[in-house]
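Report on the following structure.
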Amino acid sequence: MGQALPPWLERGLADLFPAGESADPDQSLAGRLQQAAGAERPLRIKLGIDPTGSDIHLGHSILFRKLRAFQDAGHTAVLIIGDFTARIGDPSGKSATRVQLSAAEVEANADTYLTQLGLGQPPERALLDFTTPGRLEVRRNSEWLAGLDLPQVIELLATSTVGQMLAKEEFANRYGSGTPISLHEFLYPLLQGYDSVAVASDLELGGTDQKFNVAMGRDLQRHFGQRPQFGLLLPILPGLDGVQKMSKSLGNTVGLNEGPLAMYSKLEKVPDAVADHYLTLLTDLDPAHWPSSPRERQKTLALAITASRHGLEAASAAQADAANLVAGEMKAQTVPEASLAAIPFPAKAFHLLSSLGLCASSSEARRQIQGGGVRLDGEKLTDLTLEFSAASELEGKVLQLGKKTFVRLVP
RNA sequence: GGGUCGGUGCCCGAGUGGUUAAUGGGGGCGGACUGUAAAUCCGCUGGCUCUGCCUACGUUGGUUCAAAUCCAACCCGGCCCA
């Protein structure tokens, strides 16, 4: 009989492989943990991130939360910034070839990522523990990938077959539907797998869509004479629509950078069907204490998640504000401010909306006004030609777009 | 390399010489409704401080009073053959 895994590790697991029950440290993670504890050697937990976008959202954060849990248990997080592989583009979950990024873009994205993960902040405020010695290694895979020579690349390619590659679901779908697959995309799983070799990983974290790549890491570690890593996969977080995965391109995300009010008011309306996933994957609340009313459940998860990012005080304030705003009252204290300094006066009302970034374009702003979606201090604007002659006319007023976007105008 | 089909707005997809930013769907945004949401119904969905002016149907040129629609070259892709 094998030992049980600790609850913090099991929470929210979608897949763990190999999942042997024995005490064999090569087949059972419980065995491996025990062996590590006995040898006082922390495990090396690999998580690769693809710095292709600049904003981290809750969907990403479930992996970081798990990585943090390993850190807090004394293990070493090996965060691999895929600066080299980002220039290829991960074909996972993609229906088309990804755009390749320039080295400069990738580097800028990587910096933004680390900042959002909490670089420079104390562990209690940050997503990852950046400060405790021995808990974090940040590596870039260009360190080892950029220097590979052709014979080494060929060795990598030789470990896998076209049939294996085409067995990967995304490739199969694309091939089957006639969507182009460039040859270099086959290199991605191999290079990501080689990352595991380069950092001698004991366990790799990933979403369920990463199973192929994580398994590839095991194959390559074996090929290069290393002990293969465990693969620990977490579910893909459904987005705010409750159906598709959370993804920026689908517009169903909650960004870690969002303010408390925006975060809370988005989260309090996640569809009931996915509320439990959010509670499991994004909070530490004990399921025994989850409220039974669906509406209360939404509020609980929204409060807990917002608090984990902004602190309980700010989250509670956001909760109160959200209730007020929905009730149509204008009491919010935490309405973000927008400066009028850059607006040239006289200014048309629709120009104001686009210049302040509430609307994507001034044409859209006109349409919103026509559609009755714009209010100033609670009063609906209807006149397209409305013009303000000076900033002083607007200072201190609250401009509202739709039900959830508010901005307090300041000089 | 050869043959063949194709590249339309955020996405899919009509249109195949003639008012009009270009049918329809999806998605998105706004309004009503509601426990927030969903569902449903309604409106909007290229840009511009806009009673008008720009830019648009792969790219560049051409034919024409007039082109997304015809012609040419080029670029990109699918399929079949090599």
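Throughout, a chain's letter reflects where its sequence line sits, starting with A, and its residues are numbered from 1. What's counted below: heavy atoms across the whole structure, side chains too, no hydrogens, waters or symmetry copies.
- Between the side chain of A/R366 and the base of B/C50, a donor-acceptor pair under 3.5 Å is found.
- Per the geometry, NE2 belonging to A/H351 stands 9 Å off P belonging to B/C48, to the nearest Å.
- Out of B/G30, B/G35, B/C50, the shortest distance to the side chain of A/Q368 is found at B/G30.
- Separating the P atom of B/G58 from that of B/G13 is a span of 14 Å, rounded to the nearest Å.
- Within 4.0 Å of A/R295, counting heavy atoms only, lies at least one base atom of the nucleic acid.
- Across every strand in view, B/G24 sits in a pair with B/C12 that passes the Watson-Crick or G-U test at under 3.5 angstrom.
- Pairing for B/C53 goes to B/G47, judged as Watson-Crick or G-U wobble with the two contacts each under 3.5 Å.
- Judged purely by distance below 3.5 Å, without hydrogens or angles, the side chains of A/Q221 and A/R218 never pair a donor atom with an acceptor atom.
- B/C41 is paired with B/G31 under the Watson-Crick or G-U wobble criterion, all donor-acceptor distances under 3.5 Å.
- If you check B/C79 for Watson-Crick or wobble pairing at under 3.5 angstrom, you find it paired to B/G3.
- If you take CG of A/D383 and P of B/U51, they are 13 Å apart, rounded to a whole angstrom.
- Counting heavy atoms from C-beta outward, A/D72 and A/R68 have side chains that approach closer than 4.5 Å.
- Checking B/U64 for Watson-Crick or G-U wobble geometry (two distances, each under 3.5 Å) identifies no partner in any strand.
- Across B/G47, B/A32, B/U49, the shortest atom-to-atom separation from the side chain of A/P344 is found for B/U49.
- Geometric assessment of A/K211 against the ring of A/F17 yields a positive cation-pi assignment under the 6.0 Å and 45° thresholds.
- Residue-level contact check: A/S361 touches the backbone only, with heavy atoms under 4.0 Å from sugar-phosphate atoms and none from bases.
- B/A73 is paired with B/U59 under the Watson-Crick or G-U wobble criterion, all donor-acceptor distances under 3.5 Å.
- Side-chain contact between A/L399 and A/V374: present, with at least one pair of heavy atoms (C-beta onward) separated by less than 4.5 Å.
- Side-chain atoms of A/W144 and A/D195 form a donor-acceptor pair, as typed in the model, at a separation below 3.5 Å.
- With hydrogens and angles ignored, a donor-acceptor pair under 3.5 angstrom links the side chain of A/Q298 to the base of B/U36.
- Nucleotides B/A82 and B/G18 are separated by 43 Å at their P atoms, to the nearest Å.
- Mapping A/P294 and A/G371 onto RNA chain B by nearest heavy atom places A/G371 closer to the 5' end of the strand.
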